[in-house]
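One structure is given here, and the rest of the page talks about it.
The figures here come from the full heavy-atom set of this structure, side chains too, leaving out hydrogens, waters and symmetry mates. Numbering starts at 1 and runs along the sequence shown. Remember, predicted model here, so these are calculated numbers, not experimental data.
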Amino acid sequence: MEMLEGIAKALQLIFSGDPRVLEITLRSLFISSAATSIALLWGIPIALALGTKNFRGKLFIKSFFNAMIGVPTVGLGLILYLIFSRAGPLGILHLLYTPAAIIVGEAILILPLIISLATTAVEAVDPEIMGLARTLGAAEDQAAIAVLKEAFNGIVVASIASFNRAIAELGIALMVGGNIAGWTEVLTTAISNETAKGNLELSIALGIILLVLVFGITLTTLALNAFQRKRK
């Protein structure tokens, strides 16, 4: 009975547009979207090189990024804490306990996932696509764009999976963000903190929003991909 009452109050917080719930949700969306965008800027060129070129050490690099997908977020958060702390090498930037620190940390966390999934998508493209583009007079960057267009669906899946990984992680956000109310508090850290304080209504409300975001974005992406495949 108490659990049902908690869920009812949580839904009331959501549908009444509670300011704190809205603030935490929007901050989480911004931070995770920024981290995903940065990781894509780094990851797509690397994935394109791994997927289209042959060079010494390629297998090792691919294996390294595959292994880094499972890196513990708390461990990475601790490393970043030491780097961003006042005595650390980047302490002069004063990034610790700021949204920027969480963005950088999440971008590093999801970079291996983006590279691994995008590389798989690029490798699935017919190798003759790039050769044909070059034959028709395309420059190297234009040929690469042609390959990326063919791998678009796979890259979208990589982006969504990485965004979900970023918005659902706790260790980095807690270690370098500090869960400061009104500044670095995001969905996962707020859920953990409010549960510890016994404020179950708010933690349930935030948990519902987190699950809806993760599953909603994933299902929408799958539906769009299925629709595109059907049209083709």
Side-chain angles (χ1 to χ4, degrees), residues 28-55 57-71 73 76 102-169 172-173 186-187 210-232:
S28 299
L29 287 170
F30 169 74
I31 287 175
S32 298
S33 297
T36 304
S37 299
I38 293 171
L40 284 170
L41 289 176
W42 298 346
I44 296 303
I46 297 174
L48 189 60
L50 290 173
T52 60
K53 300 182 183 300
N54 291 314
F55 52 88
K58 174 180 175 178
L59 182 60
F60 171 79
I61 294 174
K62 288 176 62 177
S63 299
F64 171 77
F65 283 120
N66 288 335
M68 289 299 293
I69 291 176
V71 64
T73 59
L76 180 57
I102 305 176
I103 291 172
V104 172
E106 289 185 352
I108 294 172
L109 174 71
I110 64 177
L111 180 62
L113 182 60
I114 285 178
I115 291 175
S116 295
L117 294 179
T119 299
T120 300
V122 170
E123 289 178 335
V125 176
D126 190 339
E128 294 183 1
I129 294 292
M130 179 169 277
L132 179 60
R134 288 169 179 161
T135 302
L136 295 174
E140 192 68 23
D141 56 341
Q142 292 174 321
I145 291 174
V147 172
L148 289 177
K149 286 181 178 179
E150 293 296 318
F152 179 75
N153 286 345
I155 291 173
V156 169
V157 171
S159 304
I160 296 303
S162 300
F163 174 84
N164 287 346
R165 166 87 157 144
I167 200 170
E169 77 84 26
I172 292 172
V186 292
L187 285 168
L210 180 59
L211 291 174
V212 168
L213 285 173
V214 170
F215 286 110
I217 293 172
T218 301
L219 292 175
T220 301
T221 304
L222 292 175
L224 288 174
N225 284 339
F227 177 73
Q228 287 180 348
R229 285 196 298 269
K230 188 176 181 180
R231 287 188 62 184
K232 288 181 179 180

Are any non-hydrogen side-chain atoms of Thr119 and Lys58 less than 4.5 angstrom apart?
-> no
Does a sphere of radius 6.0 Å around CZ in Phe55 hold more than 12 heavy atoms from other residues, nucleotides or ligands, not counting ones at 6.0 Å or beyond?
-> yes
Atom pair OG1 (Thr73) and CZ (Arg165), whose distance is rounded to the nearest 0.5 Å = 6.5 Å
Less than 4.5 Å apart, any side-chain heavy atom of Ile103 and any of Phe30?
-> yes
Just by modelled atom types, is the Ile110 backbone N or O under 3.5 Å from a matching donor or acceptor in the Glu106 side chain?
-> no
d(Asn164 CG, Thr36 OG1) to nearest 0.5 Å is 8.5 Å
To the nearest 0.5 Å, what is the distance between CD1 (Ile115) and OG (Ser162)?
-> 10.0 Å
Drop me the distance from Leu41's CG to Ile46's CD1, to the nearest 0.5 angstrom.
-> 11.0 Å
Heavy-atom check, side chain of Ile172 versus side chain of Ile108, under 4.5 Å | no
Atom of Met68, atom of Pro112 and distance for their closest heavy-atom approach | CB-CG, 3.6 Å
Compare every heavy atom of Ala151 with every heavy atom of Ala121, then report the nearest pair and how far apart it is.
-> O-CB, 3.7 Å
Of all heavy-atom pairs linking Ile167 and Val214, the shortest is CG2-CG2, 4.0 Å
Pairwise distance CG(Leu213) to OG(Ser28) - rounded to 0.5 angstrom | 8.5 Å
Go through the steps to decide whether Phe163 and Leu29 satisfy the test side chain to side chain contact (heavy atoms under 4.5 Å, CB included), and finish with yes or no.
-> CA-CA 9 Å; Phe163 174 84; Leu29 287 170; 3.9 Å; yes
Which atom names give the shortest non-hydrogen contact between Ser32 and Ala166, and what distance separates them?
-> OG-C, 3.7 Å
What distance separates Leu59 CG from Phe64 CZ, expressed to the nearest 0.5 Å?
-> 14.0 Å
Might you point out which heavy atoms bring Ala107 and Ile38 nearest each other, and give the distance in Å?
-> CB-CG2, 4.1 Å
Over all heavy atoms of both residues, which pair between Ile44 and Ala118 is shortest? Give the atoms and the distance, please.
-> CD1-CB, 4.1 Å
Side-chain heavy atoms of Ser116 within contact of Ile69, under 4.5 Å = yes
